[in-house]
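Report on the structure given below.
Side chains are part of it too, since the values below use all heavy atoms of this structure and drop only hydrogens, waters and symmetry mates. Fair warning: this is a prediction, and the values are worked out from it, not measured in the lab.
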Amino acid sequence: VQLQASGGGLVQAGGSLRLSCAASGSISSLAIMAWFRQAPGKQRERVATIATAGAPNYQDSVKGRFTIFRDNAKNTVYLQMSSLKPEDTAVYFCAADSRPMSYLTNTYTLWGQGTLVTVSS
């Protein structure tokens with residue numbers, strides 16, 4: 001399975017964007033799907049995760065503003081981002097793994113290419 005991220009762009013602060021991560025095959029066997037981001041000069045950080053079962057999990061800085069959801073029928077996971085801030089500017093990556101423990105180990109075997117999100121003030 002390969003992952004393809006899209007949906008990034010330039011948006012003003014307070015605006016919204018929806019990122020998509022389309023898989024080349026079925027995602028039903030992927031226990032954990034996640035979005036990461038990497039801002040210039042900073043380490044990559046996990047933004048949100050969603051499992052096949054269980055509630056989504058978010059980084060504190062995006063709680064209440066971002067929503068991760070998956071559509072198994074479309075083999076796609078999304079990241080709906082609202083109330084965007086300049087500090088959300090980063091390259092966003094999607095990742096996935098069939099191992100539930102990936103959530104705890106923060107290691108993922110499948111990665112999509114990044115999509116750039118730029119939030120202007």
Side-chain angles (χ1 to χ4, degrees):
V1 176
Q2 294 181 326
L3 305 178
Q4 177 91 21
S6 62
L10 174 63
V11 63
Q12 287 189 331
S16 299
L17 276 177
R18 176 179 288 188
L19 305 183
S20 300
C21 177
S24 60
S26 174
I27 65 170
S28 59
S29 64
L30 297 175
I32 300 290
M33 301 195 75
W35 284 95
F36 287 75
R37 67 185 180 187
Q38 187 166 17
K42 295 187 177 181
Q43 289 189 333
R44 188 169 55 191
E45 59 181 4
R46 190 172 68 189
V47 175
T49 59
I50 186 166
T52 50
N57 188 271
Y58 300 95
Q59 183 193 89
D60 286 347
S61 68
V62 307
K63 284 181 180 177
R65 300 189 298 121
F66 290 10
T67 302
I68 186 172
F69 58 101
R70 58 194 288 172
D71 185 337
N72 286 354
K74 295 183 177 179
N75 295 319
T76 301
V77 63
Y78 302 93
L79 185 69
Q80 178 68 46
M81 306 184 295
S82 303
S83 301
L84 282 162
K85 304 175 181 180
E87 51 263 44
D88 294 319
T89 294
V91 178
Y92 284 72
F93 301 87
C94 58
D97 205 291
S98 59
R99 304 166 298 172
M101 288 296 291
S102 288
Y103 174 76
L104 297 176
T105 62
N106 209 29
T107 56
Y108 295 80
T109 55
L110 299 175
W111 287 89
Q113 88 292 355
T115 186
L116 177 62
V117 173
T118 303
V119 183
S120 63
S121 56

Atom [atom1] in [X], atom [atom2] in [Y]: separation rounded to 0.5 Å?
X     : Y      : atom1 : atom2 : value
Thr67 : Arg18  : OG1   : CZ    : 9.5 Å
Lys74 : Ser20  : NZ    : OG    : 9.0 Å
Asp97 : Asn106 : CG    : CG    : 11.0 Å
Phe66 : Met81  : CZ    : CE    : 5.5 Å
Leu3  : Ser6   : CG    : OG    : 11.5 Å

Derivation and outcome, side chain to side chain contact (heavy atoms under 4.5 Å, CB included), residues Gln12 and Val119
CA-CA 5 Å; Gln12 287 189 331; Val119 183; over 6 Å; no
More than 12 heavy atoms of other residues, nucleotides or ligands under 6.0 Å from CD of Gln38: is that the case?
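Buried by this count: over 12 neighbours within 6.0 Å.
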Is a side-chain N or O of [X] found less than 3.5 angstrom from the main chain of [Y], in a donor-acceptor match?
X      : Y      : result
Ser16  : Ser82  : no
Ser24  : Gln2   : yes
Ser102 : Thr107 : yes
Arg65  : Ser83  : yes
Gln80  : Ile68  : no

Indicate if [X] and [Y] have the same hydrophobic cluster label, given that clusters are the connected sets of ILVMFWY residues with side-chain heavy-atom separations under 4.5 angstrom.
X     : Y     : answer
Met33 : Phe93 : no
Leu19 : Val91 : no
Val1  : Ile27 : yes
Leu79 : Ile50 : yes
Tyr78 : Val47 : no

Quick check: do [X] and [Y] have side-chain heavy atoms less than 4.5 Å from each other?
X      : Y      : result
Leu104 : Arg99  : no
Thr89  : Val117 : no
Thr76  : Arg70  : no

Show, in sequence, the C-alpha distance, side-chain angles and deciding distance for Ser28 and Asn72, and conclude whether the side-chain hydrogen bond (donor to acceptor under 3.5 Å, both in side chains) test is met.
CA-CA 6 Å; Ser28 59; Asn72 286 354; 5.9 Å; no
Listed by chain and number, what are the ring pair (Phe, Tyr, Trp, His ring centres under 6.0 Å) partners of Phe36, not counting sequence neighbours?
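Phe36: ring pair (Phe, Tyr, Trp, His ring centres under 6.0 Å) contacts with Tyr108, Trp111.
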Go through the structure and list residues passing ring pair (Phe, Tyr, Trp, His ring centres under 6.0 Å) with Tyr92, not counting sequence neighbours.
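With neighbours one apart ignored, the set is empty.
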Before giving the answer on side-chain hydrogen bond (donor to acceptor under 3.5 Å, both in side chains), spell out for Tyr103 and Asn57 the whole-Å C-alpha distance, their side-chain angles and the decisive distance to 0.1 Å.
CA-CA 10 Å; Tyr103 174 76; Asn57 188 271; 3.1 Å; yes
Do the side chains of Asp88 and Lys85 get close enough for a salt bridge, i.e. N-O under 4.0 angstrom?
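Looking at Lys85 together with Asp88, the answer is no, because their closest N to O distance does not fall below 4.0 Å.
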Assess whether side-chain hydrogen bond (donor to acceptor under 3.5 Å, both in side chains) is satisfied between Gln59 and Glu45, documenting all intermediate values.
CA-CA 9 Å; Gln59 183 193 89; Glu45 59 181 4; 3.1 Å; yes
Does the pair Thr49 and Trp35 meet the rule for a side chain to side chain contact (heavy atoms under 4.5 Å, CB included), with working shown?
CA-CA 6 Å; Thr49 59; Trp35 284 95; over 6 Å; no
